[in-house]
Amino acid sequence: MTEDRIHIEPGKLPRHVAIIMDGNGRWARQRGQMRTFGHAAGAETAKKIVEEARRIGIRYLTLYTFSTENWNRPPEEVEAIMQLLSKKLDKEKDNLIENKIRLTVVGDLAGLSRELQRKFKDLFEQTGRNYEMTLALALNYGGRNEVVHAVNRILTEKVNFVTGCEITEKEFEKYLYSAHLPDVDLLIRTGGELRISNFLLWKAAYAELYFTPTFWPDFDEHCFHKALADYQKRERRYGKTGEQIENEKS
Ligand code: FPP
């Protein structure tokens, strides 16, 4: 970090930060390397940002690691990402435990290899009671799929629901993959695209959005602080007027 430090107000941190880690492929290509080289660098960045989030006191961090649409990538790239993930789970296990980080997944784990499922199951058991921070990996995840999956769970579990019975938002949320996470406060996307790309559609309904052209492997602690400082300058109104928010403060 060469630039000046940015002031972050400890009392005004977003509770849940979600990140679309985009730009690995372009970062690698710029260096005349294979896309998978970019993913490996991206995994290092993920580690740095998790550590920094934990250090400053972010309670929930969700990383968009592999979407339902990412299966359409060349099979070698999909395989390389899965192998990288598997290697990192082994490598970071002790760090997660030591730093009291709970690891969870949002998405359909059943679509991953048996080996990965086994590793995740073990990590859930080993880290499930950790309380300092929750790190959620969005894996085999799509926002629309999450909503449809929730509807299907409701239809299966509530077969005896009387026709005409209404479901509330609060009840519905319990069936989402992301049920264990609070609403997203800050959604960061690296890599220059200005899209949500099917990420946490329900939980990010009121998220503050932060886009940066920086490719994910170049996104360091300083970039993270800049996003947090930007978030802290925003006024979150949830449909109310600015005057109402001011009155509530006083
Ligand atoms: C987007 O960049 C990145 C992905 C689809 C994969 C994300 C995976 C990692 C960062 C590595 C594994 C992470 C962990 C947490 C172990 P892109 O390939 O779409 O880049 P491009 O837009 O430049 O092509």
Side-chain angles (χ1 to χ4, degrees), residues 17-54 58 60-96 99 101-109 111-113 115-117 119-120 122-124 127 133-143 145 178 181 187-200 210-221 223-224:
V17 177
I19 308 183
I20 303 177
M21 310 179 286
D22 197 15
N24 294 346
R26 281 166 287 162
W27 181 90
R29 288 289 183 224
Q30 271 186 352
R31 285 158 181 77
Q33 299 278 357
M34 309 266 288
R35 297 175 54 79
T36 48
F37 180 74
H39 295 316
E44 289 307 310
T45 298
K47 177 178 162 71
K48 261 193 305 200
I49 298 303
V50 169
E51 284 171 356
E52 185 59 7
R54 164 74 177 80
I58 304 285
Y60 295 86
L61 177 67
T62 303
L63 301 178
Y64 206 177
T65 307
F66 196 84
S67 71
T68 43
E69 290 74 26
N70 285 151
W71 293 110
N72 297 320
R73 292 194 172 201
E76 320 78 74
E77 183 173 342
V78 171
E79 182 54 27
I81 294 175
M82 293 300 159
Q83 278 190 15
L84 183 62
L85 184 62
S86 178
K87 227 171 64 187
K88 294 293 169 193
L89 291 181
D90 293 338
K91 190 158 172 250
E92 300 306 329
K93 180 173 165 174
D94 292 345
N95 274 341
L96 292 170
N99 288 293
I101 297 173
R102 171 173 72 138
L103 182 78
T104 69
V105 163
V106 286
D108 187 6
L109 259 185
L112 302 183
S113 70
E115 190 205 359
L116 268 174
Q117 289 184 47
K119 286 188 183 182
F120 273 114
D122 173 50
L123 271 159
F124 296 158
T127 70
M133 184 174 96
T134 294
L135 169 63
L137 299 183
L139 265 176
N140 194 17
Y141 175 86
N145 171 262
S178 54
L181 304 173
L187 173 58
I188 299 172
R189 181 176 189 142
T190 63
E193 311 287 359
L194 308 180
R195 291 192 284 276
I196 306 287
S197 296
N198 207 12
F199 191 36
L200 298 175
Y210 181 87
F211 298 100
T212 167
T214 304
F215 292 146
W216 176 247
D218 287 332
F219 189 84
D220 60 12
E221 294 88 339
C223 301
F224 189 38

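Remember, it's 1-based here, ligands and their atoms both numbered in the order they're listed.
- Side-chain atoms of Ser197 do not come within 3.5 Å of backbone N or O of Arg195 as any donor-acceptor pair.
- Protein heavy atom closest to atom 19 (O) of ligand 1, with residue, atom name and distance, is Arg73 NH2, 2.8 Å.
- No heavy atom of Arg29 sits closer than 4.0 Å to any atom of ligand 1.
- Between the Asn72 side chain and the Glu69 main chain, a donor and an acceptor come within less than 3.5 Å of each other.
- Checked against a 3.5 angstrom limit, the closest N/O atoms of Arg35 and ligand 1 fall inside it.
- Within the set Thr45, Thr65, Leu135, Leu63, the minimum heavy-atom distance to atom 8 (C) of ligand 1 is found for Thr65.
- Using a non-hydrogen distance threshold of 4.0 Å, Gly191 does not register as a contact of ligand 1.
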Exercise for the section: Dump the intermediate steps for side chain to side chain contact (heavy atoms under 4.5 Å, CB included) on Thr190 and Asp218, then the final yes or no. Expected result: CA-CA 9 Å; Thr190 63; Asp218 287 332; over 6 Å; no
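- Met21 O, 3.1 Å is the protein heavy atom nearest to atom 1 (C) of ligand 1.
- A donor-acceptor pair under 3.5 Å is formed between the side chain of Thr45 and the backbone N or O of Pro217.
- Here the straight-line distance linking atom CD of Glu92 with atom CD of Glu51 works out to 7.0 Å at 0.5 Å rounding.
- For ligand 1, the atoms sitting less than 4.0 Å from at least one non-hydrogen atom of Asn70 are 5 (C), numbered in the order shown with element in parentheses.
- Between Asn24 and ligand 1, at least one pair of N/O atoms sits closer than 3.5 Å.
- The CG atom of Leu103 lies 11.5 Å from the NZ atom of Lys93; values are rounded to the nearest 0.5 Å.
- The shortest heavy-atom contact between Tyr60 and Met133 is N-CG, 4.5 Å.
- The protein heavy atom nearest to atom 22 (O) of ligand 1 is Asp22 OD1, 2.8 Å.
- Every N/O-N/O distance between Leu85 and ligand 1 stays at or above 3.5 Å.
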Exercise for the section: Please lay out, stage by stage, how Tyr141 and Leu200 fare under the test side chain to side chain contact (heavy atoms under 4.5 Å, CB included). Expected result: CA-CA 9 Å; Tyr141 175 86; Leu200 298 175; 3.8 Å; yes
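- When the heavy-atom distances from atom 21 (P) of ligand 1 to Lys47, His39, Arg26 are ranked, the shortest goes to Arg26.
- Summarising the contacts of atom 16 (C) of ligand 1 with Lys88, Lys87, Lys91, Glu77, the nearest heavy atom is found in Lys88.
- Atom 15 (C) of ligand 1 has its closest protein heavy atom at Ala46 CB, 4.0 Å.
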Practice task
Starting from the C-alpha separation in whole Å, work towards a yes-or-no answer on side chain to side chain contact (heavy atoms under 4.5 Å, CB included) for Glu79 and Arg73.
Solution key: CA-CA 10 Å; Glu79 182 54 27; Arg73 292 194 172 201; over 6 Å; no
